Participant: 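Below you will find the structure I want to go over with you.
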Amino acid sequence: MDDLIRDLDDLLARFEHELTPLDDEQLARKPADGGWSAREVFGHLETTARLYLEKIEAAVERLPEGRSSRPRPPRPGMFGGALLGALRKTGKRLRSPRLFRPPLDAAEGSLDELIAVHRRLRRAAKTIGDRNLEAVRIGTPVSRLL
């Protein structure tokens, strides 16, 4: 988690150092190839980050307080272990489901809002370190089919 927090800190510093000095005209200018302006990119990144952020904050809120007593690597359950073993024997890979598709419209956003969303992501990442992750049990998409 410390690496993630450090990456978010670096990203926020880059946002503020490289993008804050740009004026409105520079932010609204579209590239010659017809791509998105900086504001449109901010809007897309902010929208996408908010979609993840709401889910992350809700999940963190449900975690019990207090650190894990003995952090250990995650292990699959009985069914998951059997499925993984069978997949390894076939040598084939499965495609991941495409459940999350952020909107691709080019709505204009603001750098201040993008920075605010990333600060909330950083707070959520910091909070996770103070929660008991051993208490979390995650089902698989396959188990719903059974």
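Keep in mind it's a predicted model, so treat the numbers as computed, not measured. Hydrogens, waters and symmetry mates play no part in the numbers below; they use all other heavy atoms, side chains included.
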Participant: Once you round to the nearest 0.5 Å, how far does CG of Asp2 lie from NZ of Lys126?
Facilitator: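 The CG atom of Asp2 sits 7.0 Å away from the NZ atom of Lys126.
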Participant: Please say whether more than 12 non-hydrogen atoms of neighbouring residues, nucleotides or ligands are located less than 6.0 Å from CD in Glu18.
Facilitator: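 Result for CD/Glu18: enclosed.
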Participant: Salt bridge or not for Asp3 and Arg6, using N-O below 4.0 Å?
Facilitator: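 Answer for the salt bridge query: yes.
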Participant: Measuring only between side-chain heavy atoms, which start at C-beta, is Arg123 closer than 4.5 Å to Glu57?
Facilitator: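 When only atoms from C-beta onward are counted, Glu57 and Arg123 do not touch, as no gap falls below 4.5 Å.
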Participant: Rounded at 0.5 Å granularity, tell me how far CG in Asp10 sits from NE2 in His17.
Facilitator: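 Here the interatomic distance stands at 13.0 Å.
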Participant: With no hydrogens and no angle check, is any side-chain donor or acceptor of Glu40 less than 3.5 Å from a backbone partner on Ser37?
Facilitator: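 Yes; at least one donor-acceptor contact below 3.5 Å.
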Participant: At what distance, to the nearest 0.5 angstrom, does CG of Leu4 lie from CG of Asp9?
Facilitator: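 Going from CG on Leu4 over to CG on Asp9, the span is 9.5 Å.
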Participant: How close do His118 and Leu8 get, counting heavy atoms only, and between which atoms?
Facilitator: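 Scanning both residues, the minimum pair turns out to be CD2-CD2, 4.0 Å.
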Participant: Measuring from atom CG of Leu11 to atom CZ of Arg122, what distance do you get when rounded to the nearest 0.5 angstrom?
Facilitator: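 Those atoms lie 12.0 Å apart.
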Participant: Give me the atom names and distance for the closest heavy-atom approach of Gln26 to Leu22.
Facilitator: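 Where Gln26 meets Leu22 most closely, the heavy atoms are OE1-CA, 3.3 Å.
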Participant: Measure the CG-CG distance between Leu12 and Leu121 for me, rounded to the nearest 0.5 Å.
Facilitator: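 Going from the CG atom of Leu12 to the CG atom of Leu121 covers 9.0 Å.
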Participant: Is a salt bridge present between Glu54 and Arg50, judged by a nitrogen-to-oxygen distance below 4.0 Å?
Facilitator: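 Salt bridge: no.
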Participant: To the nearest 0.5 Å, tell me how far Leu27 CG sits from Phe42 CZ.
Facilitator: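 The distance works out to 5.5 Å.
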Participant: Do Asp24 and Arg39 have side-chain heavy atoms sitting under 4.5 Å apart?
Facilitator: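 Asp24 reaches Arg39 side chain to side chain.
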